[in-house]
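Data first, discussion second: the structure below is written as structure tokens.
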There are 2 protein chains.
Amino acid sequence: MFESALVEHKLGKEEYELAEPELRTRLIEAQLALLERRPFAMIVLVSGMDGAGKTEVMHRLSEWLDPRHLQTVAYGDRDEAERARPAMWRYWRDLPARGEIAVMFGSWYSEPLRDRLLGQTGRNRFERQLAAINRFEEMLSDEGIVLLKFLLVLSAAEQKRRLKALAKRTGGASRVFEEWTDVAHRDQAGAVVGEAVRRTSSNHAPWTVLPCDDPEYRDLSLGRAVLACLQSHLEAVAVVRPLAVPVAIPNVDRRNVLDTLDLALALDKAESRKRLERAQFNLLEQSQRKAFRDRALVVVFEGHDAAGKGGAIRRVVVALDPRQYRIYPIAAPNEEEKVHPYLWRFWRNVPPRGRIAIFDRSWYGRVLVERVEGFASPTEWGRAYSEINDFEEELAEGGIILVKLWLAIGKDEQLRRFEERADTGYKQFKITDEDWRNREKWDLYHDAIGDMIDRTSTTMSPWTLVEAQDKRWARVKVVETLVDRLTSEL
Amino acid sequence: MFESALVEHKLGKEEYELAEPELRTRLIEAQLALLERRPFAMIVLVSGMDGAGKTEVMHRLSEWLDPRHLQTVAYGDRDEAERARPAMWRYWRDLPARGEIAVMFGSWYSEPLRDRLLGQTGRNRFERQLAAINRFEEMLSDEGIVLLKFLLVLSAAEQKRRLKALAKRTGGASRVFEEWTDVAHRDQAGAVVGEAVRRTSSNHAPWTVLPCDDPEYRDLSLGRAVLACLQSHLEAVAVVRPLAVPVAIPNVDRRNVLDTLDLALALDKAESRKRLERAQFNLLEQSQRKAFRDRALVVVFEGHDAAGKGGAIRRVVVALDPRQYRIYPIAAPNEEEKVHPYLWRFWRNVPPRGRIAIFDRSWYGRVLVERVEGFASPTEWGRAYSEINDFEEELAEGGIILVKLWLAIGKDEQLRRFEERADTGYKQFKITDEDWRNREKWDLYHDAIGDMIDRTSTTMSPWTLVEAQDKRWARVKVVETLVDRLTSEL
């Protein structure tokens, strides 16, 4: 990977000063074009050897680009808020909006590389992590974030010299281990980093190896690479990106897992009250357990319109300490959310350890309403299943318990409830023209719900289908499901 | 994954017979459209539970489609020719040409799934294998092969019934283990298969889970899915697929690893003869070792025009048993090769154990001449580096020793040799107008060679750069390099 970067590259000060003004002008022009149309966002990832000039590179970019639209973020050890959440949370939080550029110092590569360099992960686990990174970066590209990755390298002699000078300045204090601190293990580290770089170099997220012995050469190379990347993408965005189109083939008989539900299931008032109270008591108890402080709970409520999500959510939260939970009602994305990848707004609300997040509708909108109404293209919702599975896997690996509930009613019952809502003054706000329009697409929704359950019900985060024709049955099942999951997980 | 497929699906014979003629007509129409323009090839992969009807499904497709352009292949245990080569060799061999359809029974999923089900691979290794499969299938898609994957499933009751009936017919003989033979381990197997299906479902290579309790329902679903897939791709091919465009940024000073070579290195006649003879003797000895019978050798010769590849190859092969080696001179692809993925013709010539294949130019043409001359689009050569690395990794995992040699000369020396060739009657055939044209693009080739070495020199299959200004030096280094690699590998 590094052969040509380790060749001697030297640029005279004169030549640099001759080239720099032109480069800066072009960079600013490109950034303005990016800001004007906001077709994509850009992440410049700065990685590599200690002492090679990562900080200098960040400063140089801040100097060259309009800093109002340039965000520089440096990741060190995780702070308290970050430790309380899944590993990828902080990177999602900082994803730039379309039109903006982010320079990242340290990244999702740091931990896998460090663990591999220290011998704490084997080859298979390392390759698996790299595969997850590839999926993440492909998602970024699909969602309009251009990623440019730099690996800063020094020749052995120069690295030795700089680390010595550094040790002198810091009084010989040992440096924080990052990617390659140690000259002695240079080749070993190079092999591991080289494998990672090769495996994660793709057309949509290429690595550029940056020779750093000569600062002028480094900066000019960096600037030209950023410029070339910006320009080529500014030209390319005009082009449509069809990719492979997923084929949604409804079952020949249109029957799916929803059709197996026994919607006649019901509870009488007395029994339902008894069971609900017991379940609520148990839920409070589980949520107060010491073991829960190291975990978190995310509950997803999805269901047919008028299936009773709101009522069910109320039966859950009355049992909880109000300081512990938050409810997120999910509507169409706002302006800020629209200029970020679609999972961004859900990542933002991932709860820290010990807390509970309740989503009243969720990221599944992508494969339900957005699929049926055409708000997402077939390519977009087609890839969303894997993206959602990856997201939920990250949550699980971060210790989060995820409960996904589908509240199901029949088509007739929905009509009855719509009419009741329309007729009852204080319920009229609950029924809109949109509800009636959705109802006309019942069969398309039926297909989409079936696909969703089939493709996102995993061992780690299965869907629970709740028969909601009888509200009492539904509410009891919802709270009892939560209690069961917490009991078995904690 | 299987929830909706395990719902009861039943189709009356009558309804089936009503729908079938129409379906067949449309399938033949779609196949004719495919044959007419030959925009892509299609693989229908048939996988799933024993007893669910994999054979019947293959027969049904042969009945419905024009069998002259339908190839059905079933993979069982590997035969002798297959065992002698890397695991992926037989699948590459059978890739359909554009316009053709292949139905595959058993596939690259079989071995990873079996090993995982038998507990012989851990989760990390399994995930790593799935990631490799994803890369392979993405390559197929990029190279114009549409992949449609079916997983045939039975309800528990029906599976039990069929296996019982089968046992009766075969006198109770135990069946070969495929994916799910065993009713007792059904759920366990389902979890593993489900994970694989989820992880490898993508827009470009989706899985369709096919409920098989009712044969009529199964066949109609199958036919409709094949039809929908054919139709959607026949419509889509008109559209350009730009994807992310790689940015080739030449080094600011255009210096790369080639510039570190000391082209003055030379040997005098006497020493070179002595060393060459000794090296050739050692090469023969190594190639005759018992240990080599379990391995194979692939030698790639690349280099500047007129660098002396032919002469070097002759110095290698004179030392070898002619029954053991074959030389493959690589020119522009022929008609048959053009309708297959570009690595196909190299996979065909992967040598079996104990043999040697010598490539006079190779798959690296993709990132050299095809890149520089624009025969491959930036997207195509941009992704070729990873594809080549994956290919060579498969070779290495199959026990093949790969030696890659770059023969380097300077621009002046090349001119001298060109002129000499033009002036010498028996050498004139060696020099063409194309050589002179390539020479004009010396700098572009220089960049491309540097990128190639940087991005494909791996620990397992590094490039060896051979200073070829002095032919004697070059020939000795080539043969000695082979001896060294064989000695250290065997």
Side-chain angles (χ1 to χ4, degrees), chain A residues 1-5 7-11 122 124-125 127-128 131 134 141 191 194-195 198 201-204 206 208-209 217 220-221 224-225 228-229 232-233 236 239-247 249 251-253 255-257 259-260 379 382-383 385-386 389 450 453-455 457-459, chain B residues 1-5 7-11 122 124-125 127-128 131 134 141 191 194-195 198-199 201-204 206 208-209 217 220-221 224-225 228-229 232 236 239-247 249 251-253 255-257 259-260 379 382-383 385-386 389 450 453-455 457-459:
Chain A
M1 265 336 286
F2 317 121
E3 288 83 350
S4 296
V7 171
E8 195 188 356
H9 295 284
K10 225 174 155 47
L11 200 72
N124 285 324
R125 188 170 154 72
E127 285 265 1
R128 186 182 153 196
N134 274 331
S141 162
E195 196 196 334
R198 242 189 322 276
S201 264
S202 57
N203 281 350
H204 55 78
T208 300
V209 183
Y217 188 90
L220 199 66
S221 298
R224 290 205 178 155
C229 181
S232 81
H233 280 88
V239 190
V240 204
R241 292 179 76 195
L243 296 165
V245 177
V247 191
I249 312 150
N251 288 335
V252 165
D253 57 7
R255 277 170 58 80
N256 64 33
V257 61
D259 297 295
T260 58
T379 309
R383 62 178 156 79
Y385 300 102
S386 318
N389 286 331
I453 294 165
D454 289 349
R455 298 183 63 177
S457 219
T458 62
T459 319
Chain B
M1 262 339 282
F2 319 120
E3 289 83 350
S4 295
V7 170
E8 195 188 356
H9 295 284
K10 226 174 153 46
L11 200 71
N124 286 324
R125 189 169 154 72
E127 286 264 0
R128 185 182 154 197
N134 274 332
S141 162
E195 196 195 335
R198 241 189 324 275
R199 188 62 95 204
S201 264
S202 57
N203 282 348
H204 56 78
T208 300
V209 183
Y217 188 89
L220 199 67
S221 298
R224 290 205 177 154
C229 182
S232 81
V239 190
V240 204
R241 294 179 75 195
L243 296 165
V245 177
V247 191
I249 313 150
N251 288 335
V252 165
D253 56 7
R255 276 170 59 80
N256 64 34
V257 61
D259 297 295
T260 59
T379 309
R383 62 179 155 78
Y385 301 101
S386 317
N389 286 331
I453 294 166
D454 289 349
R455 298 183 63 177
S457 218
T458 61
T459 318

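Throughout, a chain's letter reflects where its sequence line sits, starting with A, and its residues are numbered from 1. On a predicted model such as this, the values are computed, not experimentally measured, just so you know.
- In terms of heavy-atom pairs under 4.5 Å with chain A, the best-connected choice from Thr459(B), Leu220(B), Thr458(B), Asn134(B) is Thr458(B).
- For the set Ser457(B), Ala131(B), Ser201(B), Ser386(B), the entry with the most heavy-atom pairs within less than 4.5 Å of chain A is Ser457(B).
- In terms of heavy-atom proximity, Val252(B) sits nearest to Tyr217(A) at N-OH, 3.2 Å.
- The contact between Thr260(A) and chain B is made entirely by side chain atoms (from C-beta outward), counting heavy-atom distances below 4.5 Å.
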Asp454(B)/Phe2(A) under side chain to side chain contact (heavy atoms under 4.5 Å, CB included): CA gap, chis, key distance, verdict: CA-CA 6 Å; Asp454(B) 289 349; Phe2(A) 317 121; over 6 Å; no

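- Note that CD1 of Ile453(B) and CD of Glu3(A) are 7.5 Å apart. Values are rounded to the nearest 0.5 Å.
- Heavy-atom minimum distance, Ser4(B) versus Val257(A): OG-N, 3.0 Å.
- Of all the heavy atoms in Asn124(B) and Arg128(A), the pair that sits closest is OD1-NH1, 2.7 Å.
- In this structure the side chain of Leu11(B) never reaches within 4.5 angstrom of the side chain of Asp253(A), judged on heavy atoms.
- Considering NE2 of His9(A) and CZ of Arg255(B), their distance stands at 7.0 Å, rounded to 0.5 Å.
- The candidate with the highest count of non-hydrogen atom pairs below 4.5 Å against chain A, out of Glu195(B), Arg199(B), Glu8(B), is Arg199(B).
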